[in-house]
Trainee: 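Let me give you the structure first, and then I'll get to my questions.
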Amino acid sequence: MNILDSIMNAGNGAAVRQIGAQVGLDEAQTAAAISALVPALSAGVRQNIQTPDGLSELIGALSAGTHQRYVDNPTALGDAGTVVDGNGILGHIFGSKDVSRRVAVETGAQTGLGPEVMKRMLPLVATLVMGALARQAAARGASSPTTGAGPAGLLEMLGGALDSNKDGSALDDITGMIGRTFGRR
């Protein structure tokens with residue numbers, strides 16, 4: 001199951017309903033907004049893991065973090081610390097508030113919901129993206145780049161987010177990233 005499907009199906013749609021209730025959208029509007037934000041966040045993850053420490057930081061966050069709770073129990077999205085957690089995730093993924101604001105403006109225009117709504121949704125959806133990644137990593141037993149190299153591992157799971165040249169295989173992209181991380185290539 002891909003990341004977007006994992007989020008949309010979390011708690012039989014409870015995650016979508018929870019976010020919608022928090023920002024004042026109906027279920028269809030919320031689903032459209034999430035559908036617009038997830039690709040932007042996935043692209044941010046892909047970009048982030050191309051930095052020397054980005055891949056290891058992602059693996060560390062997935063294996064040590066508690067992000068999976070947002071997918072397993074969508075009511076956790078209403079907890080006071082969720083926006084703080086989400087903003088921390090956005091800081092890692094995008095690197096600056098300016099990028100987050102630009103994503104909110106672009107997805108707000110794309111969906112017709114406006115940048116203010118998207119800005120409020122962005123940290124919540126970021127927690128769900130990390131939660132979906134953490135859940136899939138745990139289910140596949142992928143906790144490191146070496147154990148994740150097989151078809152059932154973390155890197156395979158991230159294939160769609162990591163396939164930067166969109167050739168249908170993330171393996172060449174991953175190999176290049178790992179090579180750059182360790183000063184090769």
Side-chain angles (χ1 to χ4, degrees), residues 1-46 48-49 57-94 100 103-104 106-108 110-143 148 151-163:
M1 181 179 296
N2 68 40
I3 294 169
L4 182 59
D5 289 341
S6 293
I7 292 169
M8 295 299 204
N9 295 319
N12 291 321
V16 174
R17 290 187 298 277
Q18 177 71 34
I19 290 176
Q22 285 180 233
V23 298
L25 299 177
D26 65 34
E27 201 166 335
Q29 291 172 313
T30 306
I34 292 170
S35 295
L37 289 171
V38 168
L41 289 163
S42 294
V45 169
R46 182 177 61 244
N48 184 266
I49 63 173
E57 288 174 3
L58 176 64
I59 291 169
L62 293 177
S63 62
T66 58
H67 305 296
Q68 187 173 335
R69 76 180 184 272
Y70 298 114
V71 176
D72 291 342
N73 179 17
T75 60
L77 292 164
D79 294 346
T82 301
V83 171
V84 172
D85 192 17
N87 282 328
I89 292 166
L90 290 171
H92 286 288
I93 290 174
F94 293 141
S100 292
V103 168
E106 290 172 9
T107 57
Q110 175 187 347
T111 61
L113 296 172
E116 289 305 313
V117 169
M118 300 309 272
K119 191 186 309 182
R120 290 179 32 221
M121 287 186 69
L122 201 48
L124 300 172
V125 177
T127 61
L128 285 171
V129 166
M130 286 299 291
L133 289 172
R135 175 192 261 179
Q136 290 179 12
R140 294 173 185 227
S143 60
L154 173 62
L155 299 179
E156 175 71 18
M157 175 199 71
L158 290 171
L162 299 177
D163 185 12

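Remember, it's a predicted structure, so these values are computed and weren't measured experimentally.
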Trainee: Ignoring hydrogens and geometry, is there a side-chain-to-backbone donor-acceptor pair from Arg17 to Asn12 under 3.5 Å?
Mentor: yes
Trainee: Can you tell if the side chain of Leu90 reaches within under 4.5 Å of the side chain of Pro123, non-hydrogen atoms only?
Mentor: yes
Trainee: Any side-chain donor paired with an acceptor under 3.5 Å for Glu106 and Gln110?
Mentor: no
Trainee: How long is the span from the OG atom in Ser100 to the CG atom in Asn87, to the nearest 0.5 Å?
Mentor: 7.5 Å
Trainee: Indicate yes or no: at least one non-hydrogen side-chain atom of His67 is less than 4.5 angstrom from one of Ile89.
Mentor: yes
Trainee: With side chain to side chain contact (heavy atoms under 4.5 Å, CB included) as the criterion, how do Met130 and Leu58 come out once you've worked through the C-alpha distance, each side chain's angles and the decisive distance to 0.1 Å?
Mentor: CA-CA 9 Å; Met130 286 299 291; Leu58 176 64; 4.0 Å; yes
Trainee: Do you know which of Ile34, Asn2, Ile19 makes side-chain contact (heavy atoms from CB on, under 4.5 Å) with Ile7?
Mentor: Ile34
Trainee: Taking all atoms of both residues into account, what is the closest heavy-atom pair of Val71 and Pro74, and its distance?
Mentor: O-CD, 3.8 Å
Trainee: I need the Asp79 CG to Asp85 CG distance, nearest 0.5 Å.
Mentor: 10.0 Å
Trainee: Return the NZ to CG distance between Lys119 and Leu113, rounded to the nearest 0.5 Å.
Mentor: 15.0 Å
Trainee: Mind checking the CE-OG1 spacing from Met121 to Thr107? Nearest 0.5 Å is all I need.
Mentor: 8.5 Å
Trainee: Roughly how far, to the nearest 0.5 Å, is CG of Leu124 from CD of Gln18?
Mentor: 8.5 Å
Trainee: Shortest non-hydrogen contact from Thr127 to Tyr70?
Mentor: CB-CD1, 3.5 Å
Trainee: Examine distances only and state if a side-chain atom of Asn9 and a backbone atom of Asp5 form a donor-acceptor pair shorter than 3.5 Å.
Mentor: yes
Trainee: Check whether any side-chain heavy atom of Gln68 sits under 4.5 Å from a side-chain heavy atom of Asp72, and report yes or no.
Mentor: yes
Trainee: Can you give me the closest heavy-atom contact between Phe94 and Leu122, atom names plus distance?
Mentor: CE1-CD2, 4.4 Å
Trainee: So, Thr82 side chain and Ala76 main chain: donor-acceptor pair closer than 3.5 Å or not?
Mentor: yes
Trainee: Looking at every heavy atom in both Ser6 and Gln136, which two are closest together, and how far apart are they?
Mentor: OG-NE2, 2.9 Å
Trainee: Grab the two heavy atoms, one from Leu41 and one from Ile93, that are nearest each other, plus how far apart they are.
Mentor: O-CG2, 3.9 Å
Trainee: Less than 4.5 Å apart, any side-chain heavy atom of Gln22 and any of Val83?
Mentor: no
Trainee: Which atom pair, heavy atoms only, marks the closest approach of Ala36 to Met118?
Mentor: CB-CE, 4.5 Å
